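Residue numbers run from 1 in the order of the sequence given. All heavy atoms count here, side chains included; hydrogens, waters and symmetry mates do not. Every value quoted in this text rests on a predicted model; they were computed, and no experiment measured them.
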Amino acid sequence: MAWDGMGAFVRALEERGELVRVRRRVDPVLEIAAVADRATKADGPALLFEDAGGSPFPLLINAFGSRKRMSLALGVDDLEVHSRAIEDLVRTRAPSSPRELAQLALRIPELAHLAPRPTSGAACHEVVVEGSAVDLNVLPILTCWPDDGGAFITLPQVITRDPESGTRNVGCYRMQKLDSKSTAMHWQVHKTGARHFRRAKEMGLSRLDVAVALGGDPALTYAATAPLPDGIDEWMFAGFLRKRAVLTVKCKTVDLEVPADADFVLEGYVDPREPLIDEGPFGDHTGYYTPIDRFPRFHVTAMTHRAQAVYPATVVGPPPMEDAWLGKATERLFLPLLRMLFPEIVDMNLPVEGAFHNLVLLSIRKQYPFHAARLAHGLWGSGQMSFSKVICVMDEDIDVQDIGQVAWRLLANLDPKRDFAFVDGPIDQLDHGASQPLWGSKVCIDGTRKWREEGYAREWPEPCRMRPDVAARADAILADLGIARSRRVIASDAAQSTAPHDSGLLGGQPNGRLASGALGIARKVANMLRAVRP
């Protein structure tokens with residue numbers, strides 16, 4: 001299913017009881033972020049701020065803040081629908097019979113229509129403002145945390161082309177508003193947008209065209225965050241998810257295309273010859289402030305938007321936050337692709353508390369000695385998995401979505417000297433834990449059963465499990481007594497099977513606490529939350 005802009009998605013959320021309208025005026029400086037943060041941590045609804053500090057545009061936040069809403073954003077009842085579709089696609093084999101050839105031929109038209117294609121008319125061009133008339137101050141751009149360097153656009157789809165090959169990239173890079181006509185462009189050193197900028201500088205170009213789409217079909221926002229391999233077009237991927245091609249339209253002032261159904265488009269350029277400017281600090285997805293750093297200035301030459309545009313925003317910080325579900329969508333959707341490289345993987349969990357790249361939990365079908373370490377080294381050489389600081393590998397009978405089960409099984413079986421394997425390598429630019437930027441240590445924790453070939457001379461014990469027939473009788477007795485079975489007992493029973501499991505469960509979310517801001521803001525926020533409680 002495809003959504004025709006944020007307005008259509010808002011209506012769908014409201015019809016399903018997943019959205020609350022906030023009609024009172026709320027300040028985009030700290031207040032909206034504080035309300036959204038508390039609503040997210042309370043498993044609250046999406047929030048539509050109809051008066052965001054006097055802006056003419058309503059602001060939508062926490063739209064991705066649950067599994068149900070994240071699934072709805074991608075047009076399905078549950079994320080596993082897309083996961084199964086991707087797995088079915090990547091497992092397609094060469095036809096071995098006329099019947100299989102015919103079945104494959106039926107699928108080709110389904111895939112052929114996914115490529116983005118141009119259109120002449122576009123909702124994103126209903127209102128066009130160019131040149132000196134551009135004023136970013138009309139947008140309800142959020143200041144999220146007290147020590148932030150300013151207001152930041154937090155859900156942009158930043159569109160650039162490689163100045164040499166012409167290959168398009170769409171990335172989600174935060175943008176700090178500098179004045180009414182420019183922002184900083186925070187594309188980290190490892191990102192494709194930064195590579196395009198470096199190439200333009202090497203070629204001596206005076207400008208690299210940039211367009212920024214905001215809103216539109218939420219699948220476009222997700223695709224901009226997805227860790228796609230080089231050469232895979234983000235809009236093609238979005239077309240696959242929404243089962244409809246992304247329609248594009250030419251920009252008014254730069255040589256780029258943008259999604260026709262975007263709510264807002266900022267057109268402009270960065271000048272590779274221009275000195276970099278200070279950007280930050282920014283309260284980031286790690287839960288800590290990233291310090292001031294130097295990035296290019298984005299000059300806005302035009303702003304276009306729908307007549308009834310909705311401004312999309314999010315706030316990141318101490319987990320759990322709304323972005324947790326963008327990451328969880330990636331975990332589920334990209335698991336089939338990871339299995340193409342490492343077919344021994346049964347399941348994967350990127351816990352929210354690990355800010356995704358800090359902790360990876362894997363279950364595998366162990367096939368040979370030291371298999372866990374070999375897998376970890378392979379992952380450290382695979383795209384954005386290379387930034388993973390801690391990779392924990394477990395046996396296939398452990399549900400890695402159950403953090404309690406992982407902790408029990410891992411700690412009971414662990415010999416730290418034997419099971420920790422350290423390496424040095426590249427780390428995320430936002431990681432502050434290492435002693436220097438961009439390079440640090442990583443560890444694989446081997447939580448699998450140890451074999452004699454791995455130096456374990458004793459007999460490995462089995463966990464305590466009840467006999468299935470007795471467990472069934474116990475369940476019947478509990479049912480008669482009106483007592484519910486424990487979730488952990490159910491998980492223990494399920495662990496008796498060594499068959500691959502993929503529960504699709506994303507695990508519970510903690511009731512994370514966050515330090516409050518100024519007392520006045522905290523009181524306002526508490527009152528607003530009471531007002532919007534569904």
Side-chain angles (χ1 to χ4, degrees), residues 5-6 9 28 32-33 52 55 57 59-61 63-64 73 124 134 136-144 148-161 168-188 191-194 196-197 208-228 234-235 238 246 248 251 254 256-259 261-270 279-280 282-285 290 295-306 309-316 322-323 326 430:
M6 295 300 288
F9 187 49
I32 289 180
S55 170
F57 304 107
L59 179 148
L60 178 66
I61 199 166
F64 302 112
C124 69
V134 170
L136 296 178
N137 294 316
V138 302
L139 300 177
I141 303 175
L142 297 184
T143 301
C144 297
D148 279 359
F152 286 81
I153 298 173
T154 52
L155 279 180
Q157 305 159 43
V158 180
I159 303 156
T160 58
R161 284 192 179 276
R168 177 176 52 230
N169 179 71
V170 186
C172 186
Y173 315 128
R174 73 181 190 233
M175 300 162 59
Q176 181 180 347
K177 186 180 73 172
L178 302 175
D179 53 44
S180 64
K181 294 177 177 58
S182 70
T183 77
M185 185 60 73
H186 182 99
W187 41 41
Q188 299 164 44
K191 303 299 185 181
T192 305
H196 291 175
F197 176 72
L208 175 70
D209 284 348
V210 180
V212 178
L214 297 168
D217 190 323
L220 297 169
T221 299
Y222 170 69
T225 73
L228 294 169
E234 286 81 7
W235 292 343
V246 175
T248 66
C251 287
V254 297
L256 289 169
E257 298 79 35
V258 291
D261 70 354
D263 282 67
F264 297 89
V265 174
L266 305 180
E267 302 177 8
Y269 66 93
V270 294
E279 188 263 7
F282 178 71
D284 224 316
H285 74 278
T290 49
F295 287 93
R297 181 188 291 266
F298 170 54
H299 301 270
V300 182
T301 56
M303 180 169 71
T304 73
H305 60 84
R306 287 172 172 262
V310 176
Y311 179 82
T314 192
V315 55
V316 295
E322 178 183 0
D323 66 329
L326 290 163
L430 301 178

Sub-3.5 Å donor-acceptor pair from the side chain of [X] to the main-chain atoms of [Y], do we have one?
| X | Y | value |
| --- | --- | --- |
| T154 | T314 | yes |
| D148 | G283 | yes |
| E322 | F64 | yes |
| T290 | F282 | yes |

What closest approach, in Å, do [X] and [Y] show between heavy atoms, and which atom pair accounts for it?
| X | Y | value |
| --- | --- | --- |
| C251 | V258 | SG-CG1, 3.5 Å |
| S180 | N137 | CB-ND2, 3.6 Å |
| A63 | F9 | CB-CE2, 3.9 Å |
| P259 | V246 | CB-CG1, 4.3 Å |
| T304 | E267 | CG2-OE2, 4.2 Å |
| A52 | I32 | CB-CD1, 3.8 Å |

Can you tell me how far apart [atom1] ([X]) and [atom2] ([Y]) are? Round to the nearest 0.5 Å.
| X | Y | atom1 | atom2 | result |
| --- | --- | --- | --- | --- |
| T301 | H299 | OG1 | NE2 | 10.5 Å |
| D217 | M6 | CG | CE | 9.5 Å |
| H196 | R161 | NE2 | CZ | 9.5 Å |
| H305 | L139 | NE2 | CG | 8.0 Å |

Relative to the ring of Y173, is the ring of W187 parallel (under 30°), tilted (30 to 60°) or perpendicular (over 60°)? perpendicular
In terms of the angle between their ring planes, are F57 and F264 parallel, tilted or perpendicular, with boundaries placed at 30° and 60°? perpendicular
Could you walk me through whether D323 and T225 pass the side-chain contact (heavy atoms from CB on, under 4.5 Å) check? CA-CA 10 Å; D323 66 329; T225 73; over 6 Å; no
Show your working on side-chain contact (heavy atoms from CB on, under 4.5 Å) between F197 and T160 and close with a plain yes or no. CA-CA 9 Å; F197 176 72; T160 58; over 6 Å; no
Side-chain contact, heavy-atom cut-off 4.5 Å: [X] with [Y]?
| X | Y | answer |
| --- | --- | --- |
| M185 | F295 | no |
| F152 | H186 | no |
| T183 | V212 | no |
| L220 | D261 | yes |
| R168 | E257 | yes |
| T221 | P312 | no |
| V138 | Y311 | no |
| P156 | L214 | yes |

Output all residues satisfying salt bridge (charged side-chain N to carboxylate O under 4.0 Å, His left out) with E279, sequence neighbours left out; order by chain, then residue number. R174
Residue from V170, N169, V210, L266 passing side chain to side chain contact (heavy atoms under 4.5 Å, CB included) with V158: V210
Member of T248, D209, V265 meeting the side chain to side chain contact (heavy atoms under 4.5 Å, CB included) criterion with L256: D209
Partners passing side chain to side chain contact (heavy atoms under 4.5 Å, CB included) against A226 (at least two apart in sequence or in another chain): Y222, L228, F237, F334
Let me know which of R297, Q176, K177 forms a side-chain hydrogen bond (donor to acceptor under 3.5 Å, both in side chains) with S182. R297
